[in-house]
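Residue numbers begin at 1 in each chain, while the letters A, B, ... track the order of the sequences. Excluded from the calculations below are hydrogen atoms, water molecules and symmetry mates; all remaining heavy atoms, backbone and side chain alike, are included.
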Number of protein chains: 2
Amino acid sequence: MTKPTADQIATLGAAFEAFVRRYKLAGAGTSDKPLNELDVQTLLFVLRHPDSGPTDIARFLGLPVTTISSATDRLAKSGMLERHRIEGDRRAVALRLSEDGAKRARSHVEAYNSLNRMMLERLAPAERDAFIGMVTKIAYDED
Amino acid sequence: MTKPTADQIATLGAAFEAFVRRYKLAGAGTSDKPLNELDVQTLLFVLRHPDSGPTDIARFLGLPVTTISSATDRLAKSGMLERHRIEGDRRAVALRLSEDGAKRARSHVEAYNSLNRMMLERLAPAERDAFIGMVTKIAYDED
DNA sequence: GCAGATATGACGAACTTCGGATTATTCAAT
DNA sequence: ATTGAATAATCCGAAGTTCGTCATATCTGC
């Protein structure tokens, strides 16, 4: 198979860099004081998997449980997360989002969608499916 | 102009997520103990702009100067960065990479290129320029 | 020369990650 | 039932980070 040229690689890399730099600054979005990345990931995971425990999150994110414990602690303290003792196994904790936390998590999902929408809008309608197809191929192709 | 469909947005978002998750774990690469993100960015900036000062880096990265000072301090202490007092303005410091730092920085550039190369290799040769073109359009289009 | 701007560095407060010990439970095997 | 190992989560504290405030050296224009 033909190899990509150095020029192609460089052009692509430059474009990604430009994109990232541009939309990092525009990132913050809403008013609330920004959460750190781990807390956001935690929130999003609990949104998708209600009633899971710290261990599940740790396994998913590939981080030590104590780190997740700190994160859930912060989030609980700021009222975005609730810890429920569950019957059946009283060691375990079932994490759930408070209304506030859910709102916050949904707003992150919304921001993510907006970013993706914006990207697609910059392409001609006819190009969009081709682009999505290529990104999909890149993301899921086996080695 | 036709709007992207919710389905298109979701598919694209899922692909990006899969991609990021997949290549975050494979990330570390070489043996050396990994630098934190700020230190890497600092190294790369100095590679591209030798003899610049902390203030330049701070402006470029949009961070407080003191933060950059900490970073250059760490890098100098671990022998990747040299501070030179420059004639002409003796307040200023000219930052340069040591041989070790340059090696390190180049290895990051190389890793970045490899990632981009790998992405292109997953596409058919005929698709590559189209992909690069779309990404370029997305990255640089004015609003 | 001097006042005020400028480039850095020193210091310390607040916050994070994460290893090691601790507590509470459950499970397994006698 | 009893005990010993495994398991879920948290507590505690060390090490490292960001970044505001203050101090220091140096320029620059009047």
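- Within residues 68-87 of chain A, the residues having any heavy atom closer than 4.0 Å to DNA chain C are, in order of number, A:S70, A:R74.
- B:R96 has its side chain out of reach of B:R83: every pair of non-hydrogen atoms, C-beta onward, lies at least 4.5 Å apart.
- Using a 4.0 Å cut-off between charged side-chain N and carboxylate O, A:D56 and A:R59 make a salt bridge.
- Heavy-atom minimum distance, A:A71 versus A:T42: CB-OG1, 4.1 Å.
- Rounded to whole Å, atom P of C:dC18 lies 11 Å from atom CG of A:L61.
- The pair A:E99-A:R106 meets the salt-bridge criterion, since a charged nitrogen lies less than 4.0 angstrom from a carboxylate oxygen.
- Between A:T67 and C:dT17 there is no side-chain polar atom (N or O) within less than 4.0 angstrom of OP1 or OP2.
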What N/O pairs connect the protein and nucleotides 24-26 of chain C at under 3.5 Å? Give each pair on its own line.
| unit_1 | atom_1 | unit_2 | atom_2 | d |
| --- | --- | --- | --- | --- |
| C:dT25 | O2 | A:R91 | NH1 | 3.3 |
| C:dT26 | OP1 | A:R90 | N | 2.9 |

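- Residues B:V135 and A:F131 form a side-chain contact, since some pair of their non-hydrogen atoms from C-beta on lies under 4.5 Å apart.
- Among the nucleotides C:dC18, D:dT10, D:dG20, the one closest to the side chain of A:V93 is D:dT10.
- Between A:H108 and A:L43, the closest side-chain pair of non-hydrogen atoms is not below 4.5 Å.
- D:dA9 atom P lies 15 Å from atom CG of A:L63, rounded to whole Å.
- The stretch residues 52-60 of chain A comes close to DNA chain D through A:G53, A:P54, A:T55, each having a heavy atom under 4.0 Å from the strand.
- One finds a salt bridge joining A:K77 and A:D73 here, because a Lys/Arg side-chain nitrogen approaches an Asp/Glu carboxylate oxygen to under 4.0 Å.
- Between A:L97 and A:A105, the closest heavy-atom pair is CD1-CB, 4.1 Å.
- When the nearest nucleotides of DNA chain C are assigned to A:N36 and A:T66 by heavy-atom distance, the more 5′-ward of the two goes with A:N36.
- Under a 3.5 Å cut-off, the side chain of A:R22 and the backbone N or O of B:A139 do form a donor-acceptor pair.
- Salt bridge A:R117/A:E110: present, at least one basic N to carboxylate O contact under 4.0 Å.
- With respect to A:R128 and A:E121, no salt bridge is recorded, no charged nitrogen being found less than 4.0 Å from a carboxylate O.
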